[in-house]
Amino acid sequence: MTPENHSQEDTGQQNRIVSAAGEKKLIDDRLSKTAQMRSLGIDPYPPRFDRTHTTVEAITLFERVEGDSSDTAEHLKTEPLRVAGRVMARRGQGKASFIDLKDGHGSLQIFARQNAMGDEAYSIIDLLDLGDIIGVDGTVIRTRRGEISVEATKITVLTKSMRPLPDKWGGLQDQEVRFRQRYLDLISNEKAMKNAILRSKVVQSMRGFMHGLGFIEVETPILVPVAAGAQATPFETHHNQLNRDLYLRIATELYLKKLIVGGIERVFEIGRLFRNEGLDHDHNPEFTTIESYQAYADYSDVMEMVENMVSHIALETTGSMILPAIEGRRPEIDLTPPWTRLDLRAEIKKRTGIDFVETSDVESLSQAMQERGIYVEQGSAWGRLLDKVISTEVEPHLVQPHFLIDYPIAMSPLAKQKPGAAGIVERFEGFVVGSELCNAFSELNDPVDQRERFEQQERMRDEFDDSETDRLDEDFLVAIEHGMPPTGGVGLGVDRLTMLLAGEESIREILLFPAMRNV
RNA sequence: GACGGGCUAGCUCAAUUGGCAGAGCAAGUGACUCUUAAUCACUAGGUUCGGGGUUCGAGUCCCCGGCCCGUCACCA
């Protein structure tokens, strides 16, 4: 990254961000200032600057000095300190200048006067541009207009910026640039930074909650020989030395259950899953889930854990279990446990009149759907059709948090059958604002039943040519043939939970670097 | 994948019925020692997403392509 070698034509065709003629002139101006600094013996990229205070700490310090002062003398100031940050705005006033400095915590005005700094030190002001990162030595004062400011004794260039920032007032509006160059979004838009911080807090809170319950956190393989554990199309790759095709995992489920077999009675993983599917406002090809498994628990216990976890995270990260209403989007959302439990069969019947026990084959279900104007995808398996009914007729009504309980066995190959309810498994999904948040069951631990279910899935794959049908994982079957205790498990979307807490409608606002088409 | 909307200076946005491509900010020069969207004067900055077509004339109309957004379809 030699500054001299800045010609955009030389950066290769893979460099998407080429400079138009007008932008090149702006860059040349900055390069010229960089050269001037060097000729003055100033390093535009010095290795170190020891700041003593963040902007926020400096302001707090001054307010304390003001508070401690008994008289109202107007020349109150702190001891000398050092702050650092990015130049966001500059107001030249001849032999005095004001700079708005922004760091990772907040903003602070810098007040620079020629007679206070000396001619030579003050001259650096002329070589500064918006976006430069500087260090400032000085004392904190309050200006006559009342703004807490650092009166500079010295300004040190820490990083000369080559490219102009987005408009200081209009900000960065272009969504494409916001997603492709998220750093500009973070610099310009407070919301972007807020969401990034919220996401970190959500994950931290989630970890804390799970560790508090005695769960062990693990990491399982991302490159796997069989993409099993969910119904999704995997990404394929290849290991050269092993000369073997591998897949990126579509779920962490089967590996975590192997750990339950191994005696880790409470286990969870927070990690990235990969699904080779379309992208839209709430789907990204890579996304993050937490999956947890607990021995000697069933889906009722897991339901309690989920509502406790989500409400706990909401309280810790937003200060309340009640999420504010957003005009035109959602009402106030109350995450306080317990969440309403709804029997899936009864709920579908109530919304559509369809009883999935009575329409237990593709033909009768298709007909029932068509009679109610629900689109029927030709060649779909029964479970897919019912899933369509649920997602179009039931989910949109689940605005406040709800659990849908007890799913048909045909669409749940990894869940345990419910005693006394033929064709039904102990499975639930959690919904908020019409969006699925989690999927959970009493895990199937009968190895003979599990093998039959996998084989059924394999037959369905052949019959319906459905690349998303779950796959048989022999290693997993061998594992549970050794005996897996009764277990309750759940998978919950971390991105979607963060969307909910942030009040965002698009997963792209939550992922720092969402998937984009190449230009 | 289908349909609809969008793409104009580094950024934010204008441009009437098809008739000279503009403003603010940012940049450059100058003035200014308490400004805060600083102010004032001047200067420069354009492949109107790319390609083709219609026309005396296209940012504007038509066709092809790219990218973004939205709705639908699929999934979590």
Side-chain angles (χ1 to χ4, degrees), chain A residues 16-17 19-30 32-33 74 88-100 107-117 122 125-126 129-131 141-149 151 162-180 184 188 230-233 250-251 273-289 291 375-377 380 384 387-388 391-392 395 429-431 435-439 466-468 491-497 499 505-508 514 516-519:
Chain A
R16 205 184 46 74
I17 304 164
S19 297
E23 188 176 27
K24 181 156 191 312
K25 183 177 171 296
L26 296 174
I27 292 171
D28 284 345
D29 284 341
R30 287 163 179 246
S32 154
K33 288 177 186 170
E74 57 181 62
M88 296 304 288
R90 196 169 42 143
R91 292 172 292 281
Q93 186 75 35
K95 295 184 174 62
S97 294
F98 298 88
I99 292 168
D100 290 343
S107 293
L108 180 58
Q109 179 172 266
I110 306 302
F111 179 33
R113 289 190 300 155
Q114 192 170 34
N115 62 354
M117 295 175 70
Y122 186 77
I125 298 269
D126 289 334
D129 283 296
L130 301 191
I141 56 138
R142 194 184 278 279
T143 63
R144 278 175 213 161
R145 291 292 181 89
E147 174 131 357
I148 296 174
S149 309
E151 178 156 32
M162 289 297 116
R163 290 177 183 269
L165 288 176
D167 189 84
K168 68 175 176 182
W169 189 246
L172 177 62
Q173 301 297 328
D174 187 325
Q175 279 201 58
E176 189 170 351
V177 176
R178 289 185 46 232
F179 297 154
R180 288 188 193 274
L184 294 178
S188 302
Q231 302 185 19
T233 309
I250 57 173
L273 304 184
F274 307 84
R275 298 188 182 178
N276 204 339
E277 290 158 1
L279 30 141
D280 62 27
H281 65 95
D282 59 8
H283 293 89
N284 196 69
E286 45 183 308
F287 61 103
T288 302
T289 61
E291 280 193 38
Y375 175 80
V376 176
E377 174 86 25
S380 292
R384 288 213 162 250
D387 196 50
K388 171 76 181 171
S391 60
T392 59
E395 288 180 20
E429 294 195 340
F431 295 88
S435 177
E436 181 186 336
L437 194 61
C438 66
N439 181 22
D466 188 341
S467 64
E468 294 180 0
L492 181 145
V494 173
D495 313 291
R496 290 209 176 155
L497 175 57
M499 283 165 66
E505 280 187 309
S506 172
I507 196 169
R508 295 188 180 92
M516 303 285 278
R517 273 192 185 80
N518 288 329
V519 173

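Below, read A as the first sequence line, B as the second, and so on, with proteins coming before strands; counting in each chain starts at 1. Just so it is clear, the values below take in all heavy atoms, side chains as well, and ignore hydrogens, waters and symmetry mates.
- Note on A:N439: nothing from the nucleic acid sits closer than 4.0 angstrom, heavy atoms only.
- For A:Q175, counting side-chain heavy atoms from C-beta on, the closest listed nucleotide (B:rC69, B:rA76, B:rA26) is B:rC69.
- A sub-4.0 Å separation between OP1 or OP2 of B:rG66 and a side-chain N or O of A:R517 is absent.
- Using atom P as the reference point in both B:rA31 and B:rC69, the two lie 48 Å apart (nearest Å).
- Partners of A:F98 by ring-ring contact (aromatic ring centres under 6.0 Å, His included), not counting sequence neighbours, listed by chain and number: A:F111.
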(message) side-chain contact (heavy atoms from CB on, under 4.5 Å) for A:Q109 and A:I148? Distances and angles first, verdict last.
(response) CA-CA 7 Å; A:Q109 179 172 266; A:I148 296 174; over 6 Å; no
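- Across the P atoms, B:rA26 and B:rA38 are found 7 Å apart, a figure rounded to whole Å.
- Note on A:R90: a side-chain N or O is less than 4.0 Å away from OP1 or OP2 of B:rA27.
- Scanning RNA chain B for stems, defined as runs of 3 or more consecutive Watson-Crick or G-U wobble pairs whose donor-acceptor distances all fall under 3.5 Å, gives the following ranges: B:1-7 with B:66-72, B:10-13 with B:22-25, B:27-31 with B:39-43, B:49-53 with B:61-65.
- Using a 4.0 Å heavy-atom cutoff across all strands shown, A:D126 reaches no nucleic acid atom at all.
- Rounded to a whole Å, the CG atom of A:D29 is 13 Å from the P atom of B:rG45.
- A:P166 approaches A:L184 most closely through the heavy-atom pair CD-CD2, 4.0 Å.
- Considering only side-chain N and O atoms, A:R91 lies nowhere under 4.0 angstrom from the phosphate OP1 or OP2 of B:rU35.
- One finds a side-chain N or O of A:R508 lying less than 4.0 angstrom from the OP1 or OP2 phosphate oxygen of B:rC69.
- A donor and an acceptor atom sit less than 3.5 Å apart, one in the side chain of A:E147 and one in the base of B:rU36.
- For A:F111 and A:M516, each mapped to the nucleotide of RNA chain B holding its nearest heavy atom, the one lying further toward the 5' end belongs to A:F111.
- Below the 3.5 angstrom threshold, one finds a donor paired with an acceptor across the side chain of A:Q109 and the base of B:rU35.
- Listed for the A:R90 side chain is a donor-acceptor partner under 3.5 Å among the backbone atoms of A:I125.
- Between A:G491 and A:E291 the shortest heavy-atom distance is CA-CG, 3.7 Å.
- Put simply, the side chain of A:R496 never gets that close to the backbone of A:L437: no donor and acceptor are under 3.5 Å apart.
- Taking atom C1' on both B:rG24 and B:rA14, the two are 11 Å apart, rounded to the nearest angstrom.
- Put simply, the side chain of A:R178 does not reach to within 4.5 Å of the side chain of A:R508, judged on heavy atoms.
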Every protein N/O within reach of nucleotides 4-13 of chain B N/O, cut-off under 3.5 Å:
| residue | atom | partner | partner atom | Å |
| --- | --- | --- | --- | --- |
| B:rG10 | OP1 | A:G22 | N | 3.3 |
| B:rG10 | OP1 | A:E23 | N | 3.2 |
| B:rC11 | O2' | A:D167 | N | 2.7 |
| B:rC11 | O2' | A:G171 | O | 3.2 |
| B:rC11 | O2 | A:D167 | OD1 | 3.1 |
| B:rU12 | OP1 | A:Q173 | N | 3.1 |
| B:rU12 | OP1 | A:D174 | N | 3.1 |

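- Using a 4.0 Å cut-off between charged side-chain N and carboxylate O, A:D29 and A:K25 make a salt bridge.
- Spacing between B:rU36 and B:rU47 at atom C1', rounded to whole Å, works out to 39 Å.
- Rounded to whole Å, the C1' atom of B:rA23 lies 13 Å from the corresponding atom of B:rU8.
- Across all strands, A:R30 comes closer than 4.0 Å to no nucleic acid atom at all (heavy-atom distances).
- For the P atoms, the distance linking B:rU29 with B:rA15 amounts to 34 Å, nearest Å.
- A salt bridge links A:D100 with A:R91; the closest basic N to acidic carboxylate O contact falls under 4.0 Å.
- Applying the 4.0 Å criterion to OP1 and OP2 of B:rC34, one finds that A:R145 has every side-chain N and O outside that range.
- Atom P of nucleotide B:rU35 and atom CD of A:E151 are separated by 14 Å, given to the nearest angstrom.
- Taking atom CD on A:Q114 and atom P on B:rC34, their separation rounds to 13 Å, with Å as the unit.
- The CG atom of A:D100 sits 9 Å away from the C1' atom of B:rU35 (whole-angstrom rounding).
- Remark: P of B:rC34 and CG of A:N115 are 11 Å apart, rounded to the nearest angstrom.
- Distance CZ (A:R178) to P (B:rC68): 15 Å, rounded to an integer number of Å.
- The two residues A:I250 and A:F274 come nearest to each other via the heavy atoms CG2-O, 3.3 Å.
- For the pair A:L130 CG and B:rA37 P, the interatomic distance rounds to 15 Å; values are reported in whole Å.
- Atom name P, nucleotides B:rG59 and B:rC49: the rounded distance is 10 Å, in whole Å.
- When the side-chain nitrogen and oxygen atoms of A:K95 are compared with OP1 and OP2 of B:rC34, none of them lie within a distance under 4.0 Å.
- Residue contacts shown for A:F287 include a base, since a base heavy atom lies under 4.0 Å away.
- A straight line from CD1 of A:I110 to P of B:rU33 spans 21 Å, rounded to a whole angstrom.
- Remark: the separation of the C1' atoms in B:rC64 and B:rC25 is 37 Å, to the nearest Å.
- Ranked by how close their nearest RNA chain B nucleotide is to the 5' end, A:I141 and A:R275 are led by A:I141.
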(request) Begin from the C-alpha positions of A:I507 and A:M499 and carry the test side-chain contact (heavy atoms from CB on, under 4.5 Å) through to its verdict. (result) CA-CA 7 Å; A:I507 196 169; A:M499 283 165 66; 3.8 Å; yes
(message) Applying side-chain contact (heavy atoms from CB on, under 4.5 Å) to A:D167 and A:Q173, what does each step give before you reach the verdict?
(response) CA-CA 9 Å; A:D167 189 84; A:Q173 301 297 328; over 6 Å; no
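- Stacking is not found between A:Y375 and the pyrimidine-like six-membered ring of the B:rA73 base under the 5.5 Å centre-distance and 30° plane-angle cut-offs.
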